[in-house]
Amino acid sequence: MANKRRKGTEPARVAEILKRLEAAYPQAKCALSHRDAWQLLVATILSAQCTDVRVNKVTPDLFRKYPTVKDLASVRQEVLEQDIRTTGFFRNKSKSVIGAATKLLSDFAGRVPKTMPELLTLPGVARKTANVVLGTAFGIAAGVVVDTHVHRIARRLDLTRHDTPEKIEQELMQLLPEDRWIDFSHRVIWHGRQVCAARRPNCPACSLNDLCYAKDKWPRKK
Ligand code: SF4
C-alpha cells in the first residue's frame with residue numbers, strides 16, 4: 001500500500017510554497033562573490049560557520065594574491081591561515097583549500113569536476129559544498145543545498161521532520177521537482193536572511209504565513 005503523505009508534504013501545499021517563494025524572491029541567487037567554479041568552491045569552504053558578507057570581504061584580496069589553483073596548492077598553510085583568519089576556523093579551512101587545490105591538480109587537470117562523487121573526493125568538501133558548486137557554477141541539480149537556513153525553514157514549514165542535513169536533503173529531493181532543487185535553496189536562504197530569521201522570524205510580514213504552522217510562529221492564534 002502506498003504511503004499516505006502527511007499534511008506538510010501534500011503536493012498542492014508544496015507547489016503553493018514553491019510558487020510563493022518564487023514570487024517573493026524571483027532573482028534569488030548565491031550571495032558568494034565568485035568568477036568561476038574554483039573561486040566558488042573556495043568561497044563555499046570559507047563560508048562554513050561564517051557569513052557570506054565576511055567571506056566576500058576576504059576573497060577579492062585572496063584571489064588577487066593567489067589567482068590560480070596552483071598558487072593555492074603551493075602556499076604554506078601558516079601563510080594562508082593569516083589570509084583567511086577573519087572567516088574563523090582558519091586552520092581547518094586552510095588545510096581544506098590547499099588540499100582541494102592539490103587534489104584538483106593531481107586528479108582533475110586543475111579543473112573543478114562536475115559530478116557529486118568526484119567533488120566529494122576533495123578535502124573539505126561535503127554534499128552541501130558540492131551542491132552549491134554544481135548548482136550555481138554549472139547549473140547541475142545533483143541535490144538540494146541544505147545550509148542552516150534551509151535546515152531551519154524546511155522544518156518550520158513541515159517539509160521535513162528530520163534533523164540532519166543528509167536526511168533533510170533526501171526528503172526534499174523526494175518532495176520537490178528536480179528542476180526546482182537549485183532555485184528552492186537560493187530562495188529559502190534569502191527568506192531566512194530577510195524574513196524567517198532563526199531567533200525572531202518576521203511572521204506578520206511573511207508571504208507563507210497562512211501555510212505555516214511552525215511552533216515558533218507568532219503571533220499565535222488564540
Ligand atoms: S510564518 Fe514565520 S515561521 Fe513561518 S515561514 Fe513565515 S517567517 Fe518563518
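Just follow the structure's listing: the first ligand is 1, and inside any ligand the first atom is 1.
- At the top of the distance list for atom 6 (Fe) of ligand 1, counting protein heavy atoms only, stands C206 SG, 2.4 Å.
- Atom 8 (Fe) of ligand 1 has no N, O or S atom of H191 inside 2.8 Å of it.
- Residues W218 and P204 are in side-chain contact: their nearest non-hydrogen atoms beyond the backbone lie under 4.5 Å apart.
- Among protein heavy atoms, atom 8 (Fe) of ligand 1 sits closest to C196 SG, 2.4 Å.
- Inter-residue side-chain proximity for T136 and H186 is flagged as met; some heavy-atom pair is nearer than 4.5 Å.
- Taking the ring centre of Y213 as origin, the terminal cationic atom of K7 falls inside the region bounded by 6.0 Å and 45° from the ring axis.
- The shortest contact between atom 2 (Fe) of ligand 1 and any protein heavy atom is with C203 SG, 2.3 Å.
- Remark: R111 fails to qualify as a cation-pi partner of W38 under the 6.0 Å distance and 45° angle criteria applied to the six-membered ring.
- Those atoms of ligand 1 with a heavy atom of R156 less than 4.0 angstrom away are 3 (S).
- For the pair R20 (side chain) and S207 (backbone), a donor-acceptor distance under 3.5 Å is present.
- Each of the atoms 1 (S), 3 (S), 4 (Fe), 5 (S) of ligand 1 lies under 4.0 Å from some heavy atom of C212.
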